[in-house]
Amino acid sequence: MAAYDLLIRGATILTASESFAADLGVSNERIAAVGALSGPAKTELDARGLIAAPGGIDAHTHLDMPYGGGATADDFRTGTTAALFGGTTTIIDFATQSRGGSLTAALDQWHAKAAGRALADYAFHMAITDMSAAAGRDMARMVREGVTSFKLYMAYPGVLMSDDAAVLRALQRSNEVGALVGLHCENGAAIAELVRQARAQGHTETRWHALTRPPEAEAEAVRRAAALASMAGAPVYVVHLSSAAGLEEVRRARLRGVPVLAETCPQYLYLDAQEYERPAASAVNFVIAPPLRAKSNQDALWQALAGGEFQAVATDHCSFPRRSRPGQPGKDRGLKDFSRIPGGAPGLETRMPLMWEAVQKGRISPSRFVETTSTGPAKVFGLYPRKGHLGPGADADIVLIDPKHKTTINAKSLHHAVDYTPFEGLSIHGAIREVFLRGKHMVSQGRLLGKPGDGQYLSRGQRQFCL
Ligand code: MN
């Protein structure tokens with residue numbers, strides 16, 4: 001008779017392909033068995049009426065990221081605490097090369113930020129801002145250290161942007177070292193010119209953030225990204241796809257046989273550019289890049305999500321408080337000039353609940369919920385089947401959802417380090433009730449049981465996916 005550390009009884013288990021009632025047996029931090037199980041077990045949990053899903057994986061976060069003389073508000077402690085309360089047990093954060101700095105220095109810095117602080121498991125992408133010969137050499141070392149994906153920016157000239165030659169070199173090199181390149185797809189040069197023109201004409205209001213970053217800027221960059229990927233013979237991953245026009249370019253590239261993977265975010269599915277018409281003090285809180293789009297984009301994104309065209313739903317969690325403090329840039333920096341608003345918003349804790357709401361509303365299937373919040377990113381980023389999977393041998397990262405619970409999203413009830421959520425007031429069905437990380441009970445009915453340091457670094461393997 002098997003002895004389990006933990007036996008979860010009678011949940012409805014969801015995977016990326018099926019749904020069934022079963023017990024989950026956990027031993028030595030891993031799922032030992034799934035089925036009709038008998039004990040004994042050190043701990044038993046009656047999960048009848050609850051949904052069990054694999055712990056969420058958020059493949060796009062910016063914790064403790066240097067910005068404007070300070071950093072993003074959430075560090076690895078607060079960010080991963082919020083993640084856990086929202087059912088996310090693994091994050092992939094962007095270690096970011098400083099201009100003139102090396103990839104290895106950036107990786108060391110991000111390890112120092114996370115070690116001993118994280119409550120969820122974590123891995124790193126490496127954001128390359130200077131695709132030098134040395135960076136190209138260091139890409140191989142990054143892969144050996146478990147950093148098997150890189151990101152380059154096609155936006156933010158003079159700060160983060162890589163030109164087409166650099167993007168092409170990174171794509172070519174990614175093939176040699178067995179990595180995947182992700183791209184922020186917006187035409188940075190055109191946007192910079194539109195921003196310059198708007199300011200010269202005295203346009204300072206927040207709405208100009210969106211007007212100077214039109215969907216065409218995303219669509220053009222997606223098209224160029226696909227062309228560069230095709231020239232390099234490499235796949236490419238489009239981060240935070242936001243518009244119907246951008247989605248069309250992803251589709252066209254796939255029809256030509258170019259493997260373009262894509263991620264979208266809850267903010268593009270649930271919010272729209274009307275938020276920029278609020279008074280400035282409120283509108284600035286919705287400034288992200290790409291910007292929120294006209295509502296007419298949302299149906300296309302939902303349909304693509306339902307149809308399996310997105311491999312992942314991530315947050316781009318990049319939090320700034322509403323008011324600046326010494327050493328802490330806030331959204332109020334840009335009240336009088338849209339081009340000075342720190343870009344980014346919190347979302348780690350609301351991602352899984354918002355996507356479960358999409359299941360309740362019939363927009364996506366339960367399996368698609370699992371695929372886009374966990375299994376898909378695990379496969380794309382080399383964590384599968386250790387992560388993203390509820391089956392024997394996988395890490396016992398388990399989320400129990402109470403599907404009947406009804407609640408309203410409210411910043412006061414969230415655990416991130418800033419004083420707002422862009423999703424304030426949205427009513428949703430379902431609540432994240434219990435969260436286990438490698439078998440350890442981390443969150444129980446709104447109480448935090450885990451502690452800083454419970455999260456471990458994940459050395460990732462190579463991508464595994466098919467389109
Ligand atoms: Mn980002």
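Position 1 is the first residue of the sequence, and the numbers go up from there. First listed ligand is number 1; within each ligand, the first listed atom is number 1.
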| said: Using the side-chain hydrogen bond (donor to acceptor under 3.5 Å, both in side chains) definition, which of the options Glu218, Glu186, Arg213 pairs with Ser242? | reply: Glu218
Salt bridge or not between [X] and [Y]? Use side-chain N to carboxylate O under 4.0 Å.
{"X": "Asp93", "Y": "Lys113", "answer": "no"}
{"X": "Asp395", "Y": "Lys387", "answer": "yes"}
{"X": "Arg99", "Y": "Asp130", "answer": "no"}

| task | Please indicate how many protein N/O/S atoms are found closer than 2.8 Å to the Mn ion (ligand 1), with waters neither displayed nor included. | result | 3
| query | Do His184 and Tyr153 make the cut of ring centroids closer than 6.0 angstrom? | reply |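 Distance test on ring centres: under 6.0 Å, yes.
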| Does any pair with a residue in residues 155-165 pass side-chain hydrogen bond (donor to acceptor under 3.5 Å, both in side chains), and if so which ones, sequence neighbours excluded? |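 Matches after skipping sequence neighbours: Asp164-Arg224.
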